[in-house]
Amino acid sequence: MSEHSVQQPADNSDGKPSESIHFIEQIIQDDLKNSRHQHIHTRFPPEPNGYLHIGHAKAICLSFGLAEKYEGLVNLRFDDTNPEKESQEYVDAIRRDVTWLGYKWSGGEFYTSDYFEQLYGFAVRLIEKGLAYVDHQSAEDIAKGKGTPTKPGTASPHRSRSVEENLQLFDEMRQGIHPDGHCVLRAKIDMAHANMHMRDPLIYRIKRAHHQRTGDKWCVYPMYDFAHGQSDSLEEITHSLCTLEFEVHRPLYEWFIAALEIFPSRQIEFARLNLDHTVMSKRKLLKLVEDGVVDGWDDPRMPTISGLRRRGFTPQSIRTFCDRVGIAKRENVIDFSLLEWALRDHLNRVAHRTMAVLDPIKLVVVNFPEGQTEMLPSVNNPENPEDGSREMPFSKTLWMERDDFKIESNKKWFRLAPGKTVRLKSAYIVRYVDHVTGDDGRTKEVHVEYFPDSKSGSDTSGIKAKGTLHWVNAATAIDAEVRLYDRLFSDPTPDGHADKDFSEFLNPNSLEIREGCKLEPALASASADHPVQFTRLGYFALDAERTEQAGHMVWNRSVTLKDGWKG
RNA sequence: UGCCCCAUGGUGUAAUGGUAGCACACCGGUUUUUGGUACCGUUUGUCAAGGUUCGAGUCCUUGUGGGGCAACCA
């Protein structure tokens with residue numbers, strides 16, 4: 001059990017839980033205590049019209065997590081009632097992402113399209129009760145008739161058709177006798193209702209579109225309000241959790257349950273997740289993909305689950321993040337740094353430390369014997385000694401990071417510079433001797449002398465070095481490409497500006513590709529499943545797909561190490 | 001000029017009428033062969049005004065501010 005698992009209420013003598021719970025858990029605990037339900041049953045109902053993002057992860061952790069915690073069931077249900085926008089590709093991606101997060105849909109996998117026949121029957125039942133009618137008005141007239149939030153709507157001229165006529169017309173709709181958009185089925189509720197959704201909402205429309213699952217069997221499809229809640233009911237979902245924008249739909253949700261006399265699922269809304277410096281709507285993410293701004297839905301800069309996965313995030317880190325974000329009803333914008341913290345927190349404990357130089361310059365150990373190679377052990381993870389150590393080759397010619405050398409420095413500079421002495425991680429202490437400047441005016445080589453008695457682990461030199469540098473043996477280095485990422489948008493809330501399009505805030509420097517990076521030889525056997533730390537640089541993940549395409553290793557920087565240096 | 005929801009440090013989130021706490025971020029310190037980690041510490045908060053109460057972040061009223069609602073989308 002990890003320290004991140006939710007603590008069960010302690011068995012206190014006074015019976016009080018030792019941990020606070022959010023409002024949805026309170027409802028569940030009350031329902032269980034009052035025997036309103038013997039067990040709970042939740043669901044996650046994505047529309048397969050895009051990839052899942054971190055906001056969905058919050059919803060997934062909520063509904064799946066609650067089912068697990070209270071030993072209930074959870075369904076995965078694809079809300080596929082709009083064939084024009086949905087596809088099997090998205091269904092597959094959603095299943096993959098939920099599975100990757102570590103969840104199983106214990107209650108089963110469902111599709112709203114499986115209920116089309118029953119939904120149709122529900123509509124007939126409504127008509128028979130005089131609670132629905134076929135409207136032949138144009139879309140514009142229907143919209144006009146709805147009024148505005150401040151002005152009541154007006155009744156459709158077809159509102160008082162007889163039950164028989166409505167039954168026949170609705171049957172004709174199904175038979176395909178009428179063209180697309182010719183008429184719709186509407187619930188008969190209240191055109192003057194203060195809630196716009198109660199002003200005779202449309203519940204069925206004619207749309208000749210090939211559905212990825214039902215093919216061409218249907219030419220009428222139910223609208224969200226006449227599909228979602230009914231599906232919840234059919235699956236006997238006890239707690240139907242959704243985001244705030246559906247709050248105004250709840251009266252309708254309940255009206256249909258009452259009118260149809262079906263299982264009373266309960267809808268509860270919570271605030272969706274917003275992350276700063278990114279966008280979280282499928283429409284906007286799709287636009288980034290279509291415009292080629294990013295590499296696809298799984299671009300490592302995307303807030304999608306697949307993007308985060310490729311970036312190197314672990315399922316555990318995302319679950320920790322969702323846990324820390326909390327559940328409430330107020331609008332929120334989470335700091336990106338919380339996500340980064342969650343990843344570091346996990347990877348610090350499990351990732352092996354390795355050495356890589358991203359902007360290499362030569363480091364020559366002038367007094368080290370030419371042609372000799374010494375194997376030096378280096379601990380894989382100081383946070384977890386059980387992970388052992390590996391042997392690193394060390395010789396006269398090494399690579400060091402360009403940033404680790406400066407010609408002019410001061411007392412706060414712990415790295416190499418004229419007059420400075422540093423430790424090479426897991427190797428020796430070296431002292432500056434000289435440096436070589438290239439034709440371009442940049443430093444090309446740094447020459448140092450090493451102290452043979454300062455060997456890591458058996459240092460008897462007595463020399464103190466404030467700084468420790470990472471390095472890679474030149475002769476055995478692996479050449480690789482490393483991709484560094486920054487936030488996709490420079491503005492914290494790119495879609496929060498009424499007068500400007502979110503794309504105006506794209507960060508032009510969100511991707512930096514480094515070629516010719518030098519990796520220690522042990523990294524040859526790295527796999528995408530095991531993120532590593534490049535010592536002093538951050539956590540990195542092998543991009544298996546790009547590596548295969550490029551013919552050389554391609555690494556993605558998942559997150560930098562926290563940098564405490566105020567130089 | 002309608003209806004619904006919301007309001008606690010910079011950002012999130014607790015406190016269920018009784019000491020405003022936790023996390024992230026920030027800043028400072030200790031330790032350190034990663035300027036990482038770990039540990040310690042500082043600063044910062046109940047939108048406003050009334051009311052109820054011995055006692056209000058919590059209950060009531062009125063404001064103010066924010067969000068949502070008028071797709072044959074979900």
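The basis for the numbers below is simple: all heavy atoms, side chains too, and nothing from hydrogens, waters or symmetry mates. Below, read A as the first sequence line, B as the second, and so on, with proteins coming before strands; counting in each chain starts at 1.
- Rounded to a whole Å, the CZ atom of A:Arg250 is 13 Å from the C1' atom of B:C6.
- Spacing of P atoms, B:U58 relative to B:A70, comes out at 33 Å, to the nearest Å.
- Regarding A:Phe270, its CZ atom lies at a distance of 16 Å from the C1' atom of B:G12, rounded to whole Å.
- As a whole-Å value, the separation of A:Asp563 CG from B:A25 P is 13 Å.
- The pair A:Lys85-A:Glu47 does not meet the salt-bridge criterion, since no charged nitrogen lies less than 4.0 angstrom from a carboxylate oxygen.
- The pair A:Lys69-A:Glu25 meets the salt-bridge criterion, since a charged nitrogen lies less than 4.0 angstrom from a carboxylate oxygen.
- Nucleotides B:A23 and B:U32 have their P atoms positioned 25 Å apart, rounded to a whole Å.
- The separation of B:G21 from B:U8, taken at their C1' atoms, amounts to 11 Å, rounded to a whole angstrom.
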Criterion side-chain contact (heavy atoms from CB on, under 4.5 Å) on A:Trp399 and A:Trp471, from CA distance to verdict: CA-CA 6 Å; A:Trp399 293 110; A:Trp471 52 275; over 6 Å; no
ring-ring contact (aromatic ring centres under 6.0 Å, His included) assessment of A:Tyr204 paired with A:Tyr221: CA-CA 6 Å; A:Tyr204 261 94; A:Tyr221 293 97; 8.7 Å; no
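- For the pair A:Arg390 and A:Glu520, the salt-bridge criterion is met [side-chain N within less than 4.0 Å of a carboxylate O].
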Would you tabulate the pairs of protein nitrogen or oxygen atoms and nucleotide nitrogen or oxygen atoms of nucleotides 21-23 of chain B closer than 3.5 angstrom?
from  : atom 1 : to       : atom 2 : distance (Å)
B:A23 : O2'    : A:Arg324 : NH1    : 3.3

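- Rounded to a whole Å, the NZ atom of A:Lys420 is 13 Å from the C1' atom of B:G35.
- Under the rule for a side chain to side chain donor-acceptor pair (under 3.5 Å), A:Ser458 has no partner lying at least two apart in sequence or in another chain.
- Taken from CG in A:Leu66 to CD1 in A:Ile327, the straight-line distance is 8.5 Å, to the nearest 0.5 Å.
- Applying the salt bridge (Lys or Arg N to Asp or Glu O under 4.0 Å) test to residues at least two apart or on different chains, the pairs with a partner in residues 175-192 of chain A are A:Asp135-A:Arg186, A:Asp180-A:Arg208.
- Spacing between atom CE of A:Met198 and atom P of B:G2 amounts to 21 Å, rounded to whole angstrom units.
- Relative to the side chain of A:Ser20, the nucleotides B:G35, B:U13, B:A15 differ in distance, and B:A15 lies closest.
- The base of B:G35 sits with one of its N or O atoms less than 3.5 Å from a complementary donor or acceptor on the side chain of A:Arg415.
- As judged by a 4.0 angstrom heavy-atom cut-off over every strand, A:Arg199 is placed among residues making no nucleic acid contact.
- If you check B:G35, B:A14, B:C5 against the side chain of A:Lys329, the one that comes closest is B:C5.
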Watson-Crick and G-U pairing of RNA chain B, under 3.5 Å, as dot-bracket with | and [ ]: .((((((..((((....[..))))..((((.......)))).....(((((..]....))))))))))).....
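- Between B:G18 and B:G55, the distance separating the two C1' atoms is 7 Å to the nearest Å.
- Spacing between B:G10 and B:U64 at atom P, rounded to whole Å, works out to 24 Å.
- Checked against side chain to side chain donor-acceptor pair (under 3.5 Å), A:Asp403 has no partners two or more places apart in sequence or in another chain.
- The side chain to side chain donor-acceptor pair (under 3.5 Å) check on A:Glu84 picks up A:Lys207, with sequence neighbours excluded.
- With hydrogens and angles left out, the side chain of A:Asp335 and the base of B:G10 share a donor-acceptor pair within 3.5 Å.
- The nearest whole Å value for the distance from the CZ atom in A:Phe23 to the P atom in B:U13 is 11 Å.
- Remark: the separation of the C1' atoms in B:U11 and B:A74 is 30 Å, to the nearest Å.
- Here A:Asp30 pairs with A:Lys33, A:Asn34 under the side-chain contact (heavy atoms from CB on, under 4.5 Å) rule; sequence neighbours left out.
- B:U42 sits 32 Å from B:C59 when the P atoms are compared, rounded to a whole Å.
- Atom-to-atom, CG of A:Asn332 to P of B:G10 comes out at 17 Å; the value is rounded to the nearest Å.
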May I have the list of side-chain donor-acceptor pairs in residues 144-155 of chain A shorter than 3.5 Å, sequence neighbours left out?
from     : atom 1 : to       : atom 2 : distance (Å)
A:Thr148 : OG1    : A:Thr150 : N      : 3.2
A:Thr148 : OG1    : A:Thr150 : OG1    : 3.2
A:Thr148 : OG1    : A:Lys151 : N      : 3.0

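- Residues passing the side chain to side chain donor-acceptor pair (under 3.5 Å) test with A:Tyr115 are A:Glu235, sequence neighbours excluded.
- Nucleotides B:C22 and B:U62 place their P atoms 36 Å apart, quoted to the nearest Å.
- Protein atom CZ of A:Arg330 is 13 Å distant from nucleotide atom C1' of B:U58, rounded to whole Å.
- Scored by the ring pair (Phe, Tyr, Trp, His ring centres under 6.0 Å) test, A:Tyr428 finds A:Phe394, A:Tyr450 as partners (sequence neighbours excluded).
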Heavy-atom protein contacts under 4.0 Å, nucleotides 28-34 of chain B, coded B base, S sugar-phosphate only, - none: -----BB
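- For the pair A:His497 (side chain) and A:Asp499 (backbone), a donor-acceptor distance under 3.5 Å is absent.
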Base-contact (B) and sugar-phosphate-only (S) positions in nucleotides 67-74 of chain B, heavy-atom cut-off under 4.0 Å, - elsewhere: S-SB-BSB
